[in-house]
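I have placed the structure first, in the form of structure tokens, so that the comments after it can refer back to it.
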Protein chains: 2
Amino acid sequence: MQTIQNTALADLSLFEARAQVLRALAHPARLRIMAALAEGERCVCELQDLVGSSLPTVSRHLSQMKAVGILACRRQGTQVYYRLLVPCLLPALDCVDRALRADSERRVACCSRPDEQGGEPCCDA
Amino acid sequence: MQTIQNTALADLSLFEARAQVLRALAHPARLRIMAALAEGERCVCELQDLVGSSLPTVSRHLSQMKAVGILACRRQGTQVYYRLLVPCLLPALDCVDRALRADSERRVACCSRPDEQGGEPCCDA
DNA sequence: ACATTATTTAGCAATTCTGCTAAATAGCTA
DNA sequence: TAGCTATTTAGCAGAATTGCTAAATAATGT
């Protein structure tokens with residue numbers, strides 16, 4: 001019997017694990033941190049300047065990313081330097097940007113009519 | 001100047017917009033849906049069987065993904081078929097899987113010592 | 001030991017997300 | 001029109017996330 005879920009789709013924990021990684025990325029401050037770490041390791045205080053939140057908040061963002069294995073850190077004196085462990089995430093985020101561009105073009109294409117005499121809805125239901 | 005148009009990603013900073021797309025992915029049910037739609041469009045009822053939640057819940061997951069522009073839908077009779085709009089997200093998710101594998105290997109490598117006489121912490125602080 | 005700097009942890013209030021049921025809407029057919 | 005199926009919307013309660021301040025920990029130097 002061949003249902004939709006007989007490939008990798010049936011594996012429950014895989015999807016949960018993927019979701020955890022994505023949640024660890026899905027925050028503007030954490031994405032800002034990712035972009036900074038793309039250029040090399042940074043200590044927590046440098047990252048605080050970047051994201052502009054309180055230091056404990058930045059520290060927790062870093063912990064969340066470290067907990068799912070996308071960052072690592074090393075201590076040097078009193079400072080802790082974080083670095084990116086999964087470089088392929090950067091091109092993956094590029095795809096997110098492509099999605100954003102495609103979406104905004106689509107909105108312009110279907111919503112920019114001078115007068116609104118049209119009967120059908122702007123985008124598909 | 002822009003029309004008021006609905007939403008989501010139009011007037012946000014780049015990092016906020018990216019985060020919204022990632023949040024739209026960061027749920028096991030939605031990732032399951034993504035995997036199914038990788039093989040072609042599916043109607044809502046098929047996807048309900050796949051994720052096993054109530055129909056309204058599945059519908060809302062789909063709306064969330066559509067709101068950020070990664071899915072689109074078309075109506076055929078009483079059914080609504082959803083499809084993937086941003087195929088490059090699939091290899092991007094592969095990178096997430098690589099991150100997961102790397103993380104689990106790292107845990108094995110640093111935590112599997114027969115006896116725990118070691119003084120230093122298992123992984124870096 | 002004490003002080004200083006850098007970072008993390010605890011704990012709290014506010015917000016957001018999730019999944020449900022009930023009700024509304026959309027399209028089809030008799 | 002009414003009746004039927006498929007889907008969406010509304011509204012609620014419970015859970016998770018966020019950002020803060022205050023307190024704890026870590027490494028270093030006096």
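Note that these values count all heavy atoms, side chains included, but never hydrogens, waters or copies made by symmetry. Keep in mind the model is a prediction, meaning the values are calculated, not measured. Proteins come first, then strands; the chains are lettered A, B, ... in the order of their sequence lines, and each starts at number 1.
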Rounded to the nearest angstrom, tell me the gap between atom CD in A/Gln79 and atom P in D/dG29. 13 Å
Using a 3.5 Å distance criterion without hydrogens, assess whether the side chain of A/Glu105 forms a donor-acceptor pair with backbone atoms of A/Ala102. no
Does a nitrogen or oxygen in the side chain of B/Tyr82 sit under 4.0 Å from OP1 or OP2 of D/dA6? no
Does B/Thr57 place a side-chain N or O at less than 4.0 Å from the phosphate oxygens OP1/OP2 of C/dT18? no
Between A/Arg30 (side chain) and A/Ala24 (backbone), is there a donor-acceptor pair under 3.5 Å? yes
Heavy-atom contacts, protein to nucleotides 25-30 of chain C, under 4.0 Å, summarised as B (base), S (sugar-phosphate only) or - (none) per nt, yield -SBS--
Of the nucleotides C/dT8, D/dT18, D/dT8, which one has an atom closest to the side chain of A/Val80? C/dT8
Give me the residues of residues 29-41 of chain A where at least one heavy atom lies under 4.0 Å from an atom of DNA chain D, by number, or none. A/Arg30
Using whole Å, report how far CG of A/Asp49 lies from P of C/dA6. 11 Å
Could you tell me how far apart A/Glu46 (CD) and C/dT7 (P) are, to the nearest whole angstrom? 9 Å
Rounded to whole Å, CD of A/Gln20 lies from P of D/dA16 at a distance of 12 Å
Side chain of A/Pro56 only, heavy atoms from C-beta on: which candidate in D/dT9, D/dT21, C/dC20 is closest? D/dT21
Closest nucleotide among D/dA10, C/dT8, D/dT18 to the A/Arg60 side chain: D/dT18
Say whether, by atom type as modelled, one donor and one acceptor occur between the side chain of B/Ser59 and the main chain of B/Leu55 under 3.5 angstrom. no
Paired with A/Cys73, the side-chain contact (heavy atoms from CB on, under 4.5 Å) test is passed by just one of A/Glu41, A/Lys66, A/Gln79, namely A/Lys66
Do B/Arg83 and B/Arg74 come close enough that some side-chain heavy atom pair is under 4.5 Å? yes
Which residue lies toward the 5' end of DNA chain D, B/Val58 or A/Gly52, if each is placed at its nearest nucleotide? B/Val58
From C/dT9, D/dG19, D/dA6, pick the nucleotide closest to the side chain of A/His61? D/dG19
Phosphate oxygens OP1/OP2 of C/dT7: is one of them under 4.0 Å from a side-chain N or O of A/Ser59? no
Are the side chains of B/Val68 and A/Asp103 in touch, meaning some heavy atoms are under 4.5 Å apart? no
Would you mind reporting whether B/Met34 and B/Leu25 have side-chain heavy atoms less than 4.5 Å apart? yes
With a 4.0 Å cut-off on heavy atoms, is A/Gln64 in touch with a base, just the backbone sugar-phosphate, or nothing at all? sugar-phosphate
Within this structure, what is the CG-to-C1' distance between A/Leu62 and C/dT9, rounded to whole angstrom? 14 Å
May I ask you to decide if A/Ser53's main-chain N or O and A/Thr57's side chain share a donor-acceptor pair within less than 3.5 Å? no
N or O in side chain of A/Ser53 less than 4.0 angstrom from D/dG19 OP1/OP2: no
Tell me, do A/Arg18 and A/Leu14 make a side-chain contact under 4.5 Å, heavy atoms counted? yes
Minimum-distance nucleotide (side-chain atoms of A/His27 versus D/dT9, D/dC20, D/dG19): D/dG19
Rounding to a whole Å, what distance do you find between B/Glu16:CD and C/dT15:P? 16 Å
Below 4.5 Å, heavy atoms only, C-beta onward: do B/Ile33 and B/His61 meet side chain to side chain? yes
To the nearest Å, how far apart are B/Met65 CE and C/dT18 P? 11 Å
Nearest whole angstrom, please: distance from the P of D/dA27 to the CZ of A/Arg74. 14 Å
